[in-house]
Amino acid sequence: YPTWKRTLARRAREFQVKRFCKAQAIQRRLEEIEVTFRELEQQGIKLEKLLRDENESPADQQTQWTNQLLYLVQKKNNLMTEESDLMIAVQELKLEEQQCHLDQELRSYMNKQETLKTPEDKKAEQETLKQLLEVVNKRNMLIQMQEEKRLSEL
């Protein structure tokens, strides 16, 4: 078993572990965001009730509640933006995983001597290359989308 094959296999495993850890971190953060959403929703409901029910309360108190409600809305919008970014990161991880598998598959076809390749092998190699290019294009589109989003936020 050549050294370069072992090195490639080891690197693939390392990247897979990194992707897995990143996916777990994203999943944890998404769960935290969901919990925070619920908490903000409850706080917002309480503030709305206070604003509707307390017509006789001082104007200062109503202004304070309104400001708190606006703060909650802003916080929720920030969380929604973060959640959107995380969902894009999840898609990127999936595409990265696909690309890794397709790359390994393509390498196995390319390492085979041309004289030993059957017509089915050549066709499968071309199909794998086509799929790999599609995945790369999808990843590129995600990156462009993130860049456009970042520029629009500036």
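Predicted model only: the values in this text are computed from it and were never measured.
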Show me, pair by pair, the donor-acceptor contacts under 3.5 angstrom made by side chains of residues 121-130, not counting sequence neighbours?
from: Asp121; atom 1: OD2; to: Lys112; atom 2: NZ; distance (Å): 2.6
from: Asp121; atom 1: OD2; to: Thr118; atom 2: N; distance (Å): 3.4
from: Asp121; atom 1: OD2; to: Thr118; atom 2: OG1; distance (Å): 3.4
from: Glu125; atom 1: OE1; to: Lys117; atom 2: NZ; distance (Å): 2.8
from: Thr128; atom 1: OG1; to: Glu105; atom 2: OE2; distance (Å): 3.1
from: Thr128; atom 1: OG1; to: Ala124; atom 2: O; distance (Å): 2.8

Check: If two hydrophobic side chains count as joined below 4.5 Å and joins carry through other members, does Ile143 share a cluster with Phe15?
Finding: no
Notebook entry, point to check: Between Asn137 (side chain) and Leu133 (backbone), is there a donor-acceptor pair under 3.5 Å?
Noted result: yes
Check: Would a 4.5 Å heavy-atom cut-off, applied to side chains only, mark Gln61 and Gln64 as touching?
Finding: yes
With a 3.5 Å cut-off and sequence neighbours excluded, list the donor-acceptor pairs that the side chains of residues 144-154 form with protein atoms.
from: Glu147; atom 1: OE1; to: Arg150; atom 2: NE; distance (Å): 3.4
from: Glu147; atom 1: OE2; to: Arg150; atom 2: NH2; distance (Å): 2.5
from: Lys149; atom 1: NZ; to: Ser84; atom 2: OG; distance (Å): 3.0
from: Lys149; atom 1: NZ; to: Asp85; atom 2: OD1; distance (Å): 2.6
from: Ser152; atom 1: OG; to: Glu148; atom 2: O; distance (Å): 3.4
from: Ser152; atom 1: OG; to: Lys149; atom 2: O; distance (Å): 2.8

Note to self: As an exercise, state the distance from CZ of Arg13 to SG of Cys100, rounded to the nearest 0.5 Å.
What the structure shows: 11.5 Å
Check: Does the Asp103 side chain pair with the main chain of Gln99, one donor and one acceptor, at a distance under 3.5 Å?
Finding: no
Next item on the list: Using salt bridge (Lys or Arg N to Asp or Glu O under 4.0 Å) as the criterion, point out the one residue from Arg139, Lys138, Lys18 that pairs with Glu96.
Entry: Arg139
Margin query: Quick check for you: to the nearest 0.5 Å, what is the distance between Leu50 atom CG and Leu69 atom CG?
Written below: 10.5 Å
Margin query: Determine whether Glu32 and Arg28 satisfy the following criterion, salt bridge (charged side-chain N to carboxylate O under 4.0 Å, His left out), listing intermediate values before the conclusion.
Written below: CA-CA 6 Å; Glu32 290 170 1; Arg28 271 194 305 275; 5.8 Å; no
Check: Under 4.5 Å between any side-chain heavy atoms of Thr3 and Thr7, yes or no?
Finding: yes
Check: Taking atom CD of Glu14 and atom CZ of Arg19, what is their separation to the nearest 0.5 Å?
Finding: 11.5 Å
Margin query: So that I can tick it off, tell me whether Glu82 and Arg29 are bridged by a salt bridge, with the cut-off set at under 4.0 angstrom between side-chain N and carboxylate O.
Written below: yes
Margin query: How close do Lys22 and Leu93 get, counting heavy atoms only, and between which atoms?
Written below: CD-CD2, 3.9 Å
Notebook entry, point to check: Can you tell me how far the CG atom of Asn111 sits from the CG atom of Leu116, to the nearest 0.5 Å?
Noted result: 12.5 Å
Next item on the list: State, yes or no, whether a side-chain contact exists between Phe37 and Glu83 at a heavy-atom distance under 4.5 Å.
Entry: yes
Note to self: Please find the pair of heavy atoms, one from Leu72 and one from Gly44, that lie closest to each other, and give the distance.
What the structure shows: CD1-N, 3.6 Å
Margin query: Can you give me the closest heavy-atom contact between Leu95 and Val135, atom names plus distance?
Written below: O-CG1, 3.3 Å
Check: Can you hop from Leu142 to Val90 via hydrophobic side chains spaced under 4.5 Å?
Finding: no
Item checked: Tyr71 reachable from Leu47 in the ILVMFWY side-chain graph, under 4.5 Å edges -> no
Next item on the list: Compare all side-chain heavy atoms of Leu30 with those of Met87 and state whether any distance is below 4.5 angstrom.
Entry: yes
Next item on the list: Establish whether Ile26 and Ile33 are linked, either directly or via other cluster members, by ILVMFWY side-chain heavy-atom contacts under 4.5 Å.
Entry: yes
Next item on the list: Measure the spacing between CG of Leu79 and CD of Glu34 and express it to the nearest 0.5 Å.
Entry: 10.5 Å
Next item on the list: Treat each ILVMFWY residue as a node, draw an edge where side-chain heavy atoms are under 4.5 Å apart, and state whether Leu102 and Met110 are in one component.
Entry: yes
